[in-house]
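For reference, the structure is listed below as structure tokens.
Below, read A as the first sequence line, B as the second, and so on, with proteins coming before strands; counting in each chain starts at 1.
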Protein chains: 2
Amino acid sequence: MSDTASPPPTPPRPAGRAKPRQSDIARAAGVSQATVSLVLRGAATGVVLAPETRRRVLSAAEELGYVPDPVATRLAAARNGMLGLYTFSTTFPTDVAHSYYPVLVGVEEEAAAQGQDLILFTGASRAADPTSDAAAVRRVRAADGCLFFGRHVPRDPIRRLSEDGFPFVYIGRREEPGISYVGADYVSASAEVAARLAALGHRRVRYLRENDDAPASTDRERGVADGARGSGLETDGLVERTDGGDVEARLARWRDEGVTAVITEETDTGAALSGLTAAVARAGLSCPGDLSLALLGTPAAAPAAPVPGLAGAISGFGVPMREMGRAAVRLLLDLIEGGPAPRSHLLACEPVAGATIGPPHPGR
Amino acid sequence: MSDTASPPPTPPRPAGRAKPRQSDIARAAGVSQATVSLVLRGAATGVVLAPETRRRVLSAAEELGYVPDPVATRLAAARNGMLGLYTFSTTFPTDVAHSYYPVLVGVEEEAAAQGQDLILFTGASRAADPTSDAAAVRRVRAADGCLFFGRHVPRDPIRRLSEDGFPFVYIGRREEPGISYVGADYVSASAEVAARLAALGHRRVRYLRENDDAPASTDRERGVADGARGSGLETDGLVERTDGGDVEARLARWRDEGVTAVITEETDTGAALSGLTAAVARAGLSCPGDLSLALLGTPAAAPAAPVPGLAGAISGFGVPMREMGRAAVRLLLDLIEGGPAPRSHLLACEPVAGATIGPPHPGR
DNA sequence: CTGAAAGCGCTTACAG
DNA sequence: CTGAAAGCGCTTACAG
């Protein structure tokens, strides 16, 4: 760097040698800039160029080391090739890191396969108040379309997006009409778990669900109830919520009542499961020795250490998070490309045999 | 070479009502589009607007749900408030999912704190051939600057970026001169592990490293060698590579040779560690009962089930991935804002006591 | 203090 | 088959 004194009057443009543009190629090849564009975009446009023109342009491009400017390309094409991913959660990412990640993996895989980049919108974490939520959601429009993920969602900003015809897809089932989503079939999978317990001989079971009215919770409760009814499990007192008092005390009570199996659900916080396994450990019980334990959903993370009282992996079902991510990207692209009607998919969950359920062993 | 493969595919315009632009605001507020731009960019430009004009513009923008188009902004201003993150790896993300995620968390946290959005550039996964690598790397210019992450890197596309003055930072130490990076101080941390073993009384140790010449591997080997030399460990035959034959056979041989501790390294695939722990389990050995085991780096994932033969968490050191992500974002912003000379940081690694090293117990 | 104009590098009708 | 023109949505001198 030789000249030190006064900085050049130039704007903060990055240094470096000037990059050749289409107009440079045009000059070199003796054609118009538009023709250069046509040649370089190849057969994509269906336009047929004279072979000689084509050759001249290509060799000039080669000669000059031309590289298309992705920013200009995107501006002119009216699509920026970017998909948004917006996650709602109170404390992203620490608490929900593990439930978020598999979805992100699926989204990223499919986006890559489709040649799309991803914009991660992170505003959700900071949204202490609803108005900043609105502002955060609005930014999503910077992408061609957006994926939303999270149990809870600010309704107004989303409705606004919907009214404006901005393409978006939820990951997870939604109640709102006219909204596209890709969800998991919790109802069927949960019913299957109840039926599995019944088949092992259980009759009196408890379902401990989170105190939360997200569709994922509602669906699971319905599945458990349906499954219990269909397979001969007792349905009285079947469902309890996590806000119903101390888990350890309830566990003791359940054992007194002759409950032989407990089902709980996995949500982004993992609170219901961790409360329950802690209570099991403190009570000195083991699963499935003393009590069968089933989980509706994939455990957020493999436990760092073996969980006292559990014989191994928890029985239940797994949520196809990665595939949900992939399917959501495909659906979003359909929407962006003008797919008219909102559509939705429900993906099947995979049963997990696990090691925590077995034949009933009535307590005391 | 001229290549025509530029994203995105091509256009049907998105359905629905168009996104509001500055000209819409201008019409609503009764001012020119240029004035809207001036108002919206705030005091950044130093231009002073009449408070009343400013108010009208801002409220019209709010009303219409205006969001600046990042692509247009970047084309016109060479700055769009977005940072790129590009990951190189042959098989992202399945194999390296867990090593990738903590870095992403750190990057995302710091980006959010600095008011920057993040673009995840996908496509590294598909790069079977080098030319598509080049095209993929080029897309990175859609951001103001970019973070690169991964053990291996296509040199040419990167050099090109560098020549053009595009700001970027590596996460992980690089050898190439003139490239900014944020790395981990593997040399010191690895030396400390060797010294820790020596202090426990070990003399004959093996270091099993991956057969891979990334700086992260090179640094660890150097640290182990330095540490061994400095602490009185034998250095003859200290280092072996994973391509040196069946691990189980080698383990038996080591025991015959009187080796009392084995060190290995964690990389994105986790191959060296998983091979070693499997061999330990099959040989019916336990750590640290029969053999001390140390790991250079954070295990990719907590094992799904307790690993047979290991008394608990593996001893060694942890890599501050999250903090590396954060530091890389800060450095990148410095570069973007005109920081002239490339700079680099090396972050300290945290020793992990773990439960797999102890005093030497010579085999047979 | 604000408008009119030029331009970032490209794509895409529309004429010829 | 190819050129001239308009435009993607913004920023930034430059006039008034």
Can you check nucleotides 5-7 of chain C for protein contacts, nitrogen or oxygen pairs under 3.5 Å, and list what you find?
none

Can you check the B:R141 CZ to C:dG9 P distance for me, whole Å? 12 Å
Least distance between heavy atoms, B:R343 atom then B:L331 atom: O-CD2, 3.4 Å
Interatomic distance, CD@B:E63 vs CZ@B:R56, rounded to 0.5 Å, equals 14.5 Å
Rounded to whole Å, the CG-P distance (A:D69 to C:dG9) equals 7 Å
Applying ring pair (Phe, Tyr, Trp, His ring centres under 6.0 Å) to A:Y181 and not counting sequence neighbours gives none
Does B:E110 have any salt bridge (Lys or Arg N to Asp or Glu O under 4.0 Å) partners at least two apart in sequence or in another chain, and if so, which? B:R326, B:R330
Under 3.5 Å: donor-acceptor pair, side chain of A:N80, backbone of A:A142: yes
Base-pair map of DNA chain C as dot-bracket, where | denotes pairing with a different strand and pairs are Watson-Crick or G-U under 3.5 Å: |||.||||||||.|||
Taking atom C1' of D:dG9 as reference, at what distance in whole Å does atom CE of A:M82 sit? 14 Å
OP1 or OP2 of D:dC10 sitting under 4.0 Å from any side-chain N/O of B:R74? no
Please report the distance, rounded to the nearest Å, between CZ in B:R54 and C1' in C:dC1. 14 Å
Determine: side-chain N/O of B:S23 to OP1/OP2 of D:dG9, distance under 4.0 Å, yes or no. no
Report the distance from atom CD1 of A:I119 to atom CG of B:D117, rounding to the nearest 0.5 Å. 7.0 Å
Looking only at side-chain N and O atoms, does B:T35 come under 4.0 Å of OP1 or OP2 in C:dG3? yes
I want to check one thing: is the phosphate of D:dA4, taken as OP1 and OP2, less than 4.0 Å away from some side-chain N or O of A:S32? no
Hey, are B:R141 and A:D69 close enough for a salt bridge, meaning a charged N less than 4.0 Å from a carboxylate O? no
Look at the side-chain N and O atoms of B:S37 and state whether any lies under 4.0 Å from the OP1 or OP2 oxygen of D:dT11. yes
For B:V31, answer base if it contacts any base atom (sugar-phosphate contacts may also be present), sugar-phosphate if it contacts only those atoms, and nothing otherwise; contact means non-hydrogen atoms under 4.0 Å. sugar-phosphate
To the nearest Å, how far apart are A:L75 CG and D:dT11 P? 11 Å
Which residue, B:P51 or B:A72, contacts DNA chain C at a nucleotide closer to its 5' end, judged by nearest heavy atom? B:P51
By side-chain hydrogen bond (donor to acceptor under 3.5 Å, both in side chains), A:S32 pairs with (sequence neighbours left out) A:T35
What is the distance, rounded to the nearest whole Å, between atom CG of B:L38 and atom P of C:dC1? 12 Å
Whole angstrom value for the distance that separates P of D:dG3 from CZ of A:R27: 14 Å
Rounded to whole Å, CG of A:L64 lies from P of C:dG9 at a distance of 15 Å
Side chain of A:T53 only, please: which of C:dC1, C:dC8, D:dT2 is the nearest? D:dT2
Which nucleotide, C:dT2, D:dT11, D:dT2, lies nearest any side-chain atom of B:Q22? D:dT11
Does A:T73 make a side-chain N or O approach to OP1 or OP2 of C:dC10 shorter than 4.0 Å? no
side-chain hydrogen bond (donor to acceptor under 3.5 Å, both in side chains) partners for B:R55, two or more places apart: B:E52
Taking A:D144 for its side chain and A:G81 for its backbone only, find out whether a donor-acceptor pair lies under 3.5 Å. yes
